[in-house]
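These notes concern the structure reproduced below.
Sequence lines set the chain letters: A, B, ... in the order given, protein chains first and strands last, and positions in each chain run from 1. Worth saying up front: this structure is predicted, and the values here are computed from it rather than measured.
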Number of protein chains: 2
Amino acid sequence: MNSEFTIAVHSLVYLAYLPERMASSELISKNVSTHPARIRKVMSCLRKNGFVKTKEGIGGGYILNSNPHEVTLAQIYRAISHGAVKPHGCTGDPEQDCPISSNIPEVMDEIFNEAEVSLVKYLDQVTIHSVLEKIKQCH
Amino acid sequence: MNSEFTIAVHSLVYLAYLPERMASSELISKNVSTHPARIRKVMSCLRKNGFVKTKEGIGGGYILNSNPHEVTLAQIYRAISHGAVKPHGCTGDPEQDCPISSNIPEVMDEIFNEAEVSLVKYLDQVTIHSVLEKIKQCH
DNA sequence: CTTACTGTAATTTTATTTGATACAGTTTGT
DNA sequence: ACAAACTGTATCAAATAAAATTACAGTAAG
């Protein structure tokens, strides 16, 4: 899994935290500790999924377009990292005679899909607002 | 996540499938489609966790040392890929004044840990035997 | 019409994963 | 004793993936 999901959550939490709920890619990138172009890529995806609105030109940037109490990490995960639980390399070989080797790719796929469902079920219980609350409770 | 977990599951399923439940790293590597040294590395870990026994020297190899009905993918995951759900890159920066930036690493860590607990809870329902059954049911 | 922004693609750099090689240690059979 | 066939483990090289960087077209504000 690459860290775009983490970047997306961080960015949304940051926007929810700002009084104006608006920030440029440069400002967000400094908070997240990454490159502005990467923020723009992630935010572009979040915009397409309705989590934020963007404003181009002078004074532009990203503004929250959703309720932090309602947006869950599961929604963000599905938008940006769907399928990321499964590792890239797969074992086995469909050409082999052995039923283990030839069928395990399909079976492991199914298992990783189900595993992801469980993971997403947990993420569905965590909202942007609840992440913000957890952060505030850090000593 | 790298694919050692997948390799471990595949290898154990393969051993469970073999009548003798014994195979060399070379034989397993061909079934899995990877390098024998990689199999030996993974199997070495499985041995340390009691899933298999190894036999060195001529006629040696790996032999199942556990009941396929009892070994779950959760046990294998914990042995070989614990912590792998969390992506490598982390966002934020503990040095910054902003509470979001400075505290999000800790909070996201916690979230990924909980997410992994959910994932492992699912894997706990899947045994080596049940994977073998799924494979047999492939058309 | 300049400035400050986003959108997006292309490129380079860095990190991770995988494959490959090597060799010491172990067991078996002769 | 010793050759053969294994595992255990470390190291190096190659492939792949992730991240950073650069570049530039498009847009809105003043």
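For DNA chain D, the outermost nucleotides in 5' to 3' order that have an atom under 4.0 Å from a heavy atom of chain A are dA17(D) to dA29(D).
To the nearest 0.5 angstrom, I135(A) atom CD1 is 4.0 Å from I100(B) atom CD1. Atom CD1 of residue I28(B) and atom CG of residue L12(B) lie 8.5 Å apart, to the nearest 0.5 angstrom.
dT16(C) atom P lies 15 Å from atom CZ of R38(B), rounded to whole Å. As rounded to whole Å, 16 Å separates atom C1' of dG19(C) from atom NZ of K30(B). The distance from atom CD1 of I28(A) to atom C1' of dG7(C) is 14 Å, rounded to the nearest whole Å. Distance E26(A) CD to dT6(C) C1': 13 Å, rounded to the nearest Å. One interatomic measurement links the two molecules: NE2 of H35(B) to P of dA20(C), which rounds to 5 Å at whole-angstrom precision. Rounding to whole angstrom units, CZ of residue F5(B) and C1' of dT17(C) are separated by 18 Å. Protein atom CD of E4(A) is 14 Å distant from nucleotide atom P of dT8(C), rounded to whole Å. Atom pair K41(B):NZ and dT21(C):P shows a separation of 18 Å (rounding to whole Å applied).
Between dG7(C) and T54(A), a contact under 4.0 Å exists linking OP1 or OP2 to a side-chain N or O. Here S44(A) reaches the OP1 or OP2 of dT8(C): one of its side-chain N or O atoms lies under 4.0 Å away. Proximity of S3(B) to the phosphate of dT18(C): a side-chain N or O atom is located under 4.0 Å from OP1 or OP2.
Annotation for K30(A): atom NZ does not count as buried by contact number, only 12 or fewer foreign heavy atoms lying within 6.0 Å. Residue K121(B) places its NZ atom among 12 or fewer non-hydrogen atoms of other residues, nucleotides or ligands, all under 6.0 Å distant. Other residues, nucleotides and ligands place more than 12 heavy atoms under 6.0 Å from the CD atom of Q96(B).
Take the nearest nucleotide of DNA chain D for P36(A) and for K55(A): the residue whose nucleotide is more 5' is P36(A). Position along DNA chain D of the nearest nucleotide to G89(B) versus G61(B) favours G61(B) as the more 5'-ward residue. For the pair I58(A) and S25(A), nearest-nucleotide mapping onto DNA chain C gives the more 5' position to I58(A).
A donor-acceptor pair is defined here as one N or O able to donate and one able to accept, closer than 3.5 Å; no such pair exists between the side chain of D124(A) and the backbone of V120(A).
Between I76(B) and L123(B) the shortest side-chain heavy-atom distance does not fall below 4.5 Å.
Residue-level contact check: K48(A) touches the backbone only, with heavy atoms under 4.0 Å from sugar-phosphate atoms and none from bases.
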